[in-house]
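Take a look at the structure set out below.
Below, chain A is the first sequence line, B the second, and so on; all start at residue 1.
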Amino acid sequence: MSQSSKSVALLLLTLVLLELSMRVGTAPICAHGQAGCHVPSLADLFDRVIQQSSRMHGISSDLHSEFEQYFFPSKNLVGKRKCHTNGILTPDDKENAQRIGREQLTEVILRLLGSWGDPLSQLYHSMSQDQNQDFNHYSSNKALEISDVVHELRDGVAKMAEKMKLLGVLGNTVGYISPESLVPSSTFSFYKQGELNSMDHHDLLYCFRRDSNKVKNYLRILKCTTLPELDC
Amino acid sequence: MRKDLGLALLLLLLAAVQTNSVSPPGKPVLLGCRSPEKETFTCWWEPGSDGGLPTRHRLYYERERLEGVYECPDYRSAGRNSCFFDKNHTSIWVDYYLTVVASNALGNATSDTFKIDVMEIVKPHAPENVTLLVEEREDSPHLYIRWERPRNTDTKSGWVTIKYELRVKQENNKWKEYMSGTQTHFSLYSISPGSVYMVQVRCRLDHGSWSEWSNTTDVKVPNYLRNERPFWILVSIVSSIPFIAAMCILIIKRKYVKQCVLPPVPGPKIRGVDFQLLKSGRSEDVINALIVNQNFPLMVAWKDQMEEYLMVTENDNGLLPDPSSCQKRKKSLIIPAGFRLDPEIQCKESPPRQKGQEKAGVTKNEMDSFAKSKKSLPGESLSNLEPAQKPQCTSIHFVNTEATEQGPSNHENTSKPCTNSGYVDIQRHVESLREVDVKQVDYSRVKEVNANNTIILETENLPLNSSGYMDVQRREEGVSEDYSRVKEVDCMIFLQKQNASVDASCREKGNQYTDCALQKPRNPRVTGVCKVGVCTELIDSGYVDTIPASPLM
């Protein structure tokens with residue numbers, strides 16, 4: 001009996017060790033830029049990031065126009081809109097954008113992206129839970145997609161900023177910006193506490209469309225000032 | 001009275017109004033705004049009625065995140081009833097609220113508020129300087145289209161990204177659209193030479209509206225046939241080189257080729273006859289020709305040959321066989337060696353033609369039967385072979401030469417003057433022939449066996465040389481009179497006996513030398529149909545050469 005228990009214990013030990021070794025083997029392989037591993041260049045990062053921002057803006061535009069057609073067919077709705085990101089100072093034309101410099105531009109981008117993570121997931125939840133509207137049910141997938149894209153984009157821009165700092169093109173004044181520091185928690189209650197209705201959805205979509213356009217433009221300017229030879 | 005007064009006053013007022021027709025202005029309508037490069041924008045409105053008085057329009061705007069109401073900075077740059085916002089007054093991602101106020105002496109009119117965000121009203125100008133170029137590369141032309149971005153758009157800083165689209169129309173077909181992305185050039189392949197192409201280009205900024213199509217630019221693709229021609233000339237030259245080489249080789253080796261392609265047909269030769277002399281036609285030459293081969297190893301050569309022979313009957317009526325009967329002939333009897341045939345032909349005492357023919361036919365049958373049997377019949381049996389055909393003129397018949405021992409029996413016919421018949425088949429076996437002694441000889445060669453008309457050559461006993469055949473030339477030496485002449489061969493060969501003892505029944509037709517005929521046409525002197533070799537036709541000699549010169553076919 002003791003012998004059998006011993007053998008069982010031995011077997012278990014072997015299995016555990018194997019599993020651990022396998023776990024160790026699953027560590028990311030390209031973490032430190034070993035040979036044979038393709039480390040993306042800054043140009044690659046820029047391209048990737050710009051592609052994603054373009055996609056983000058495209059989806060948001062589609063969603064917004066669909067929303068408008070479905071709910072508010074009359075054009076030119078007059079109403080003073082307020083977005084929760086109005087607190088973030090953003091350059092509103094080309095000259096201003098070029099004037100503020102790369103570091104600030106990068107920071108603005110990161111702020112914008114960071115401030116939209118939670119509202120978008122909130123939007124998605126609100127849309128998917130709305131049983132009455134077919135539109136919401138149908139379009140909630142797009143909201144989810146946007147939410148994911150925004151997260152990825154934010155991570156991508158952060159990486160790119162790191163890379164730029166590494167290459168020396170970006171000053172060190174840009175620190176890592178945590179989502180919490182960007183937007184005060186009161187923003188979430190900016191729109192409404194509790195459930196969001198269609199008007200809120202509409203406002204959210206409108207504001208997000210605008211901000212995604214800003215991000216796209218800023219990224220392009222950033223790219224062309226940093227790497228002017230590529231497609232500029 | 002009051003009523004009348006009021007009415008009159010009303011009428012007066014109306015009249016006054018009508019003559020004056022002044023009123024406050026109508027309400028203007030804002031039509032829209034447009035930003036061509038996302039840095040400036042322009043708005044247009046439509047004025048209402050002016051009310052008959054000079055009316056002024058003003059545009060006022062409010063802006064998000066900017067306090068106050070402002071007036072349009074520039075009414076002129078963009079034309080009438082428009083307002084142009086330059087760079088300083090343009091902000092993106094903020095809302096503008098615009099109103100137009102029309103005012104005249106009598107009052108104002110305000111349009112509805114019009115909200116815009118510059119981000120949404122971007123519509124660029126059309127691309128400029130669209131140029132077309134036809135390029136040839138590797139014999140396939142293609143169209144290279146290039147253009148320039150619309151003016152004032154700033155792609156250098158990345159502020160705007162322009163995407164292009166073009167459309168191409170080939171003559172009277174439909175427009176075909178192509179996306180060009182952000183490039184300012186495009187190549188169109190697979191264009192057809194000789195047709196006209198029209199191209200238009202348009203663009204848009206980011207996700208904004210498309211611009212108008214540019215002005216049409218067209219180009220005519222020239223025909224490229226002449227470029228292809230040198231190529232085809234080269235191809236034809238190169239492909240003709242082996243052909244020419246082959247021709248040269250053929251010409252150089254023409255003799256060899258001629259031998260291969262056209263093998264020499266063995267010419268007809270009559271052994272013992274000199275062809276050329278015969279042709280010349282002179283009798284002495286003929287004689288000489290015939291004398292050429294004295295030593296005639298004829299028999300030797302014929303050893304392996306089968307012979308066809310011809311049975312000759314003599315017709316006393318001398319009529320030519322009718323054509324129909326001639327047609328039938330074609331039969332040739334081949335008598336293998338060792339076979340003896342004793343055909344007997346009917347004599348001609350009075351055989352009507354048909355009779356002779358039928359007898360001949362019978363005989364022929366006999367011959368056939370003989371042919372089938374391969375036995376040699378003894379000479380005695382010869383007589384057995386003749387059934388009731390014993391004519392009064394004994395017809396002799398002999399047979400085949402081969403049996404030497406039977407040679408003597410062969411002669412029997414010779415004594416018969418009448419020709420009715422007998423013929424001899426000379427067999428080709430050389431050895432037998434050779435052995436045939438002088439005596440034997442008298443046989444003649446049968447040229448052809450005709451079903452109905454058989455020709456039998458009867459030969460006389462002639463002293464022959466060792467070769468054992470009857471040679472005409474022997475005769476010439478005065479051998480004997482007992483030879484017959486072939487008078488005429490049409491379907492038949494008629495032998496004419498010179499001998500006086502010849503039966504009267506023998507007919508004399510004339511002299512004719514017949515040789516084997518080679519499809520001679522019918523004429524009085526036509527020769528028979530034997531298939532051997534060349535025929536020479538010699539009128540005067542009237543000899544039948546019983547020996548076919550060439551191997552039988």
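For the atom pair B:T40 OG1 and A:D93 CG, the distance stands at 12.0 Å (nearest 0.5 Å). Expressed to the nearest 0.5 Å, how far CD of B:E64 lies from CG of A:D92 amounts to 10.5 Å. Note that the CZ atom of A:R220 and the OG1 atom of B:T155 stand 11.5 Å from one another [nearest 0.5 Å]. A distance of 12.5 Å separates OG in B:S157 from NZ in A:K223, rounded to the nearest 0.5 Å. Atom CG of residue A:N213 and atom NZ of residue B:K38 lie 5.0 Å apart, to the nearest 0.5 angstrom. Note: A:N217 CG to B:W159 CH2 = 5.0 Å, rounded to the nearest 0.5 Å.
Within a 6.0 Å sphere centred on CG of B:D218, heavy atoms belonging to other residues, nucleotides or ligands number more than 12. Under a cut-off of 6.0 angstrom, the local environment of CZ in A:R48 is sparse, with at most 12 non-hydrogen atoms contributed by other residues, nucleotides or ligands. Counted within 6.0 Å of NZ on A:K142, heavy atoms from surrounding residues, nucleotides or ligands total more than 12; the atom is thus considered enclosed.
Proximity to chain B is absent for every atom of A:D211, based on heavy atoms less than 4.5 angstrom apart. Interface remark: B:E37 contributes no atoms to any contact with chain A (heavy atom separation under 4.5 Å).
Separation of the B:W93 and A:Y218 ring centroids falls under the 6.0 Å cut-off.
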Discussion item. With side-chain contact (heavy atoms from CB on, under 4.5 Å) as the criterion, how do A:S54 and B:H207 come out once you've worked through the C-alpha distance, each side chain's angles and the decisive distance to 0.1 Å?
Written reply: CA-CA 9 Å; A:S54 185; B:H207 288 274; 4.0 Å; yes
Worksheet item: Between B:I92 and A:K94, is a side-chain contact (heavy atoms from CB on, under 4.5 Å) present by the stated rule, with each step listed?
Response: CA-CA 9 Å; B:I92 324 291; A:K94 183 177 77 171; over 6 Å; no
Worksheet entry | A:R209 vs B:D117, salt bridge (charged side-chain N to carboxylate O under 4.0 Å, His left out): CA-CA, chis, key distance, verdict | CA-CA 12 Å; A:R209 186 174 74 142; B:D117 187 341; over 6 Å; no
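Note: B:T161 leads B:V94, B:T161, B:D112 in heavy-atom pairs under 4.5 Å with chain A.
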